[in-house]
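Notes for the one structure printed next.
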Amino acid sequence: MKITAIKVYQSDLPLVEGAYAWSEGKSVSVFDTTVVRVETDAGLAGHGECCPLGPVYLPAYAGGVRAGLREIAPQLIGADPTAPGVLNRRMDYLLKGHPYVKSAIDVACWDIAGQAAGMPVCQLLGGRYGADVVLYRAISQRPPKEMAANVAGYRKEGYTRFQLKVGGAPDEDVARIRAVRATLDPGDVLVADANTGWLMHQAARVVKAVGDVDVYIEQPCATYEQCLAIRRRTPLPFVLDEVIDSIDMVLRAAADGGCDVVNLKISKLGGLTKTRQVRDLCISLGLAMTLEDTWGGDIVTAAIAHLAHSTPEEFRFTATDFNSYVTKSIAAGAPRRANGRMAASTAPGLGVQPDFDVLGDPVFAV
Ligand code: MG
């Protein structure tokens with residue numbers, strides 16, 4: 001099979017809550033997402049999506065997705081979409097780094113491979129574990145009482161796992177953590193995610209002040225070394241996210257005992273092919289995972305569902321249904337959350353059909 005065309009679409013995804021705020025005063029109100037359609041000489045077409053969390057989260061931005069695709073897409077015409085190893089080696093040869101640029105193409109090719117095999121992508125990624133996937137809800141940074149109220153509301157919708165956006169003023173962050181934990185039951189999971197927002201002295205104050213609380217601490221500081229320093233001075237369970245951008249970093253963190261859980265984002269690692277490699281390594285290392293992406297709509301949510309559903313349940317710390325955070329649907333067939341859970345489609349491929357009335361004309365095509 002050969003790739004005959006690659007079409008790139010852009011769509012704005014407004015947020016249900018109006019805005020999403022995290023550490024250091026950073027905030028997004030409309031997400032700029034990019035959808036890739038890969039067409040083949042077999043008559044099959046696959047789809048992928050990449051949506052950075054604005055330009056100030058990871059070294060990735062929406063315009064960069066499309067600029068990078070303009071660079072590599074013309075040189076992928078004729079490549080075999082059912083050979084993910086060969087395809088990824090080719091993309092890495094054509095463009096050094098920039099994993100997020102390559103992610104949507106890789107996901108679209110898994111969609112094609114699944115359709116060609118007559119199997120859902122989760123089957124190709126290892127097989128389906130359990131009936132569904134337990135989700136977490138990210139709670140945008142607000143004053144402590146508002147965050148506690150938001151958690152109580154989402155809990156009524158069935159969520160039992162919550163990730164608080166902290167990384168603000170340490171005293172207020174301590175109040176956020178305590179106010180929210182007070183609304184939860186013992187079995188509920190609470191994560192305080194600073195998204196690199198604290199300096200070490202601030203993180204040290206927070207972990208000391210909440211040392212008696214049942215809470216996970218996620219990515220307190222900017223660098224791995226700073227996070228490791230905080231990890232070594234708190235007994236609280238510890239998640240690394242932003243710095244886990246490669247297999248090397250997973251190996252380093254595992255060797256140092258630097259965390260208990262890692263957060264794997266599909267576009268941060270460069271697509272499903274590379275995320276599967278890291279996911280399987282984490283299973284061997286005994287590291288549980290949050291399985292998600294930087295953001296996105298229906299197609300990203302479908303890819304997350306297939307990745308998470310093909311991960312053994314005890315290793316799934318949690319996953320995310322990003323399409324429930326935005327007001328716009330860009331594809332039919334995507335997972336829909338029910339009672340804080342979602343399931344991967346049983347249709348061949350990703351199981352999604354993009355809505356081209358919503359996506360409009362491609363911004364470019366080759
Ligand atoms: Mg995080």
Side-chain angles (χ1 to χ4, degrees), residues 15 17 20-28 31 50-60 99-100 103 133-142 147 150-151 154 159 161-168 173 176-177 180 189-199 202-203 206-207 210 215-224 226-228 230-231 234 236-246 249-250 253 258-269 275 278-279 282 287-296 300-301 304 307-308 311 315-322 325:
L15 278 152
E17 288 188 10
Y20 177 76
W22 67 102
S23 64
E24 303 171 85
K26 294 171 181 172
S27 160
V28 171
F31 282 96
C50 179
C51 185
L53 179 57
V56 293
Y57 174 57
L58 289 173
Y100 69 109
S103 183
V133 172
V134 179
L135 300 163
Y136 82 82
R137 189 77 191 186
I139 304 298
S140 180
Q141 190 174 115
R142 307 264 190 274
M147 290 176 84
N150 283 344
V151 165
Y154 285 117
Y159 286 104
R161 302 178 186 186
F162 301 93
Q163 189 199 63
L164 296 188
K165 292 294 147 186
V166 290
D173 284 335
R176 289 181 172 110
I177 293 165
V180 169
V189 174
L190 181 63
V191 180
D193 187 356
N195 290 108
T196 75
W198 291 321
L199 294 176
Q202 298 172 315
V206 175
V207 297
V210 300
V215 61
Y216 290 70
I217 301 296
E218 179 162 339
Q219 189 76 37
C221 303
T223 69
Y224 174 70
Q226 293 161 16
C227 289
L228 186 60
I230 299 303
R231 158 75 164 174
T234 175
L236 293 173
F238 209 83
V239 186
L240 285 175
D241 179 355
E242 282 86 342
V243 297
I244 300 294
D245 60 359
S246 64
M249 284 307 303
V250 171
C259 61
D260 306 293
V261 178
V262 291
N263 184 316
L264 304 184
K265 293 180 161 73
I266 294 169
S267 65
K268 178 177 69 174
L269 294 164
T275 307
V278 175
R279 186 272 310 266
C282 287
L287 281 169
M289 292 158 270
T290 292
L291 299 156
E292 59 169 3
D293 210 327
T294 47
W295 208 275
V300 157
T301 302
I304 293 168
L307 175 69
T311 302
F315 285 93
R316 272 184 225 149
F317 182 59
T318 193
T320 320
D321 61 322
F322 283 117
Y325 292 67

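Remember, it's 1-based here, ligands and their atoms both numbered in the order they're listed. Note that these values count all heavy atoms, side chains included, but never hydrogens, waters or copies made by symmetry.
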Next item on the list: Hey, can you tell me if Y159 and Y154 have their rings parallel, tilted or perpendicular (30° and 60° cut-offs)?
Entry: perpendicular
Note to self: Looking only at N, O or S atoms in D193, which is nearest to the Mg ion (ligand 1)?
What the structure shows: OD2
Next item on the list: Check whether any N, O or S atom of E242, backbone or side chain, sits closer than 2.8 Å to the Mg ion (ligand 1).
Entry: no
Check: Just by distance, with hydrogens left out, do T301 and D321 show a side-chain donor and acceptor under 3.5 Å apart?
Finding: no
Next item on the list: Could you tell me which N, O or S atom of D241 is nearest to the Mg ion (ligand 1)?
Entry: OD2
Margin query: Quiz question: by atom type and distance under 3.5 Å, do the side chains of T318 and R161 form a donor-acceptor pair?
Written below: no
Notebook entry, point to check: So which of the N, O or S atoms of E218 lies nearest the Mg ion (ligand 1)?
Noted result: OE2
Margin query: Please tell me whether Y57 and E242 have a donor and an acceptor in their side chains that are separated by less than 3.5 angstrom.
Written below: yes
